[in-house]
K.L.:
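Attaching a single structure in structure tokens format; questions to follow.
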Amino acid sequence: MTDDEKRKGKFRKIILAYPVALVLIGLILNLLILGVQPAVVALPSVPIMVGLVTSAVLLVINHTWLMTSTELTRLKYNMHATPEEWQASGRVPSDASELGLRELNRHHNAHGNATENVVYFVFLAMLVSLVSPEPLTAQVWMIGFAAGRLGHMLSYLTGRDGARGICMSISLASLYGLASYLIISLII
């Protein structure tokens, strides 16, 4: 076995263990520290609304900065979003520099990653808010997700892989925390 195969084998194990570890973190925090109430369907309480509103505001800030920084990148590298803009500028997409295209791709990837994660968050957060959760538990997971996404976006756009990984883990652990809360609340 080559050194490269050994290295890949090691990382394969880490990649497979990663989601399991995050699920366990969410489960353990719910059971041992934050607390879980039996599910009782009701409109969200004020503390739950505080968690939802705070996370929504943080996610809007996240989206606003993604949108703004994407446009600033286009401006910096003299690129455009639509065929009409390219035509009006007298330039064509093949005029764009390699660096500009890479940076624009980084922004597009950040947009896609944010969108795909927020879809699951909205679904889980709305369900959790309707089962009369422990307020602190709901706030930790909801605000934790949004803060993790904000940190992920900032570190992704600035090329800080270590910070990006930590922030991604925070937001994923929050998703698993919300999901495990729902499951536990239906069982107890």
Side-chain angles (χ1 to χ4, degrees), residues 4 7-8 11-12 14-16 18-19 21-23 25-26 44 48-129 138-179:
D4 189 50
R7 184 185 64 78
K8 285 182 180 179
F11 282 110
R12 185 175 294 110
I14 292 170
I15 290 167
L16 292 171
Y18 178 73
L22 292 177
V23 167
I25 289 169
I48 303 309
M49 289 302 297
V50 168
L52 284 169
V53 170
T54 302
S55 61
V57 168
L58 290 173
L59 291 170
V60 167
I61 290 168
N62 187 62
H63 175 73
T64 301
W65 185 247
L66 278 169
M67 173 187 69
T68 302
S69 64
T70 299
E71 289 308 312
L72 289 172
T73 298
R74 282 194 178 103
L75 179 66
K76 179 179 180 178
Y77 294 102
N78 204 17
M79 294 185 293
H80 305 283
T82 66
E84 297 78 21
E85 290 174 356
W86 280 104
Q87 185 177 19
S89 74
R91 297 172 40 87
V92 294
S94 60
D95 293 338
S97 71
E98 173 100 14
L99 178 60
L101 291 171
R102 278 197 318 264
E103 286 304 308
L104 187 59
N105 189 50
R106 176 188 297 272
H107 284 74
H108 287 164
N109 287 341
H111 272 277
N113 189 277
T115 301
E116 66 192 25
N117 280 275
V118 168
V119 168
Y120 298 109
F121 169 73
V122 168
F123 186 65
L124 289 168
M126 293 310 293
L127 286 174
V128 165
S129 71
Q139 290 174 343
V140 164
W141 294 135
M142 290 173 187
I143 297 168
F145 173 82
R149 291 309 311 167
L150 194 58
H152 179 271
M153 178 269 301
L154 292 170
S155 55
Y156 195 151
L157 295 182
T158 57
R160 296 184 194 138
D161 280 345
R164 181 180 63 88
I166 290 167
C167 291
M168 179 179 70
S169 295
I170 291 168
S171 63
L172 285 173
S174 296
L175 286 177
Y176 295 135
L178 289 167

K.L.:
Considering all heavy atoms of both residues, which atom of I170 and which atom of G148 are nearest to each other, and what is their separation?
P.N.:
CG2-CA, 4.1 Å
K.L.:
Once rounded to the nearest 0.5 Å, what's the spacing between atom CG of D161 and atom CD1 of I166?
P.N.:
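CD1 of I166 is found 11.0 Å from CG of D161.
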K.L.:
If only atom types and distance count, is the side chain of N117 paired as donor or acceptor with the main-chain N or O of N113 below 3.5 Å?
P.N.:
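Pair found, side chain donor or acceptor close to backbone of N113.
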K.L.:
Please check if atom CZ in F123 has more than 12 non-hydrogen atoms from other residues, nucleotides or ligands closer than 6.0 Å.
P.N.:
no
K.L.:
Heavy atoms only: give me the nearest S174-G144 pair and the separation to one decimal.
P.N.:
OG-C, 3.4 Å
K.L.:
Is the ring pair F145/F121 parallel, tilted or perpendicular, if the boundaries are 30 and 60 degrees?
P.N.:
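It falls in the parallel class, under 30°.
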K.L.:
Answer yes or no: is there a donor N or O on one side and an acceptor on the other, between the side chain of R91 and the main chain of N78, under 3.5 Å?
P.N.:
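Such a contact is found between R91 side chain and N78 backbone.
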K.L.:
Distance only, no hydrogens: is a donor on one side chain within 3.5 Å (strictly under) of an acceptor on the other, for H152 and S171?
P.N.:
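No pair is found: no donor N or O on one side chain lies under 3.5 Å from an acceptor on the other.
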K.L.:
Would you indicate whether the side-chain heavy atoms of R164 and T158 approach each other to under 4.5 Å?
P.N.:
no
K.L.:
Starting at CG of L104, measure out to CG of N109 and round the result to the nearest 0.5 Å.
P.N.:
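Going from CG on L104 over to CG on N109, the span is 10.0 Å.
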K.L.:
Please check if atom CD in E98 has more than 12 non-hydrogen atoms from other residues, nucleotides or ligands closer than 6.0 Å.
P.N.:
no
K.L.:
Passes side chain to side chain contact (heavy atoms under 4.5 Å, CB included), V50 versus Q139? Steps please.
P.N.:
CA-CA 8 Å; V50 168; Q139 290 174 343; 4.0 Å; yes
K.L.:
Counting only heavy atoms not in Q87, do more than 12 sit closer than 6.0 Å to its CD atom?
P.N.:
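Not more than 12 within 6.0 Å, no.
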K.L.:
Assess whether side chain to side chain contact (heavy atoms under 4.5 Å, CB included) is satisfied between Y176 and I25, documenting all intermediate values.
P.N.:
CA-CA 8 Å; Y176 295 135; I25 289 169; over 6 Å; no
K.L.:
Donor-acceptor pair, T54 side chain versus G51 backbone, under 3.5 Å?
P.N.:
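A pair under 3.5 Å: no.
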K.L.:
Are L58 and R149 close enough that some pair of their side-chain heavy atoms sits under 4.5 Å apart?
P.N.:
no
K.L.:
Would you give the length of the straight line joining atom OG of S55 to atom CG of N62, rounded to the nearest 0.5 angstrom?
P.N.:
12.0 Å
K.L.:
Walk me through whether L72 and K76 qualify under side chain to side chain contact (heavy atoms under 4.5 Å, CB included).
P.N.:
CA-CA 6 Å; L72 289 172; K76 179 179 180 178; over 6 Å; no
K.L.:
Indicate the atoms forming the closest heavy-atom contact of M142 with S129, along with that distance.
P.N.:
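Residues M142 and S129, closest heavy atoms: CE-CB, 4.3 Å.
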K.L.:
So which heavy atom on I48 is nearest to which on A138, and how close?
P.N.:
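Between these two residues, the closest heavy atoms are CD1-CB, 3.6 Å.
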K.L.:
For the CD1 atom of I15 and the NZ atom of K8, what is their distance to the nearest 0.5 Å?
P.N.:
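I15 atom CD1 to K8 atom NZ measures 11.0 Å (nearest 0.5 Å).
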K.L.:
What pair of heavy atoms forms the shortest contact from L66 to A114, and how long is it?
P.N.:
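Heavy-atom minimum between the residues: CD1-CB, 3.9 Å.
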K.L.:
Just wondering, are more than 12 heavy atoms of other shown residues or ligands nearer than 6.0 Å to OH in Y77?
P.N.:
yes
K.L.:
When you measure from the side chain of T68 to the backbone of W65, do you find a donor-acceptor pair of N or O atoms at a distance under 3.5 Å?
P.N.:
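Checking the backbone N and O of W65 against the side chain of T68, no donor-acceptor pair under 3.5 Å is found.
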K.L.:
Show your working on side chain to side chain contact (heavy atoms under 4.5 Å, CB included) between M67 and T64 and close with a plain yes or no.
P.N.:
CA-CA 5 Å; M67 173 187 69; T64 301; 4.2 Å; yes
K.L.:
Looking only at heavy atoms, which two atoms of T73 and E103 are closest? And how far apart?
P.N.:
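What the structure gives for the nearest pair is CG2-CB, 3.9 Å.
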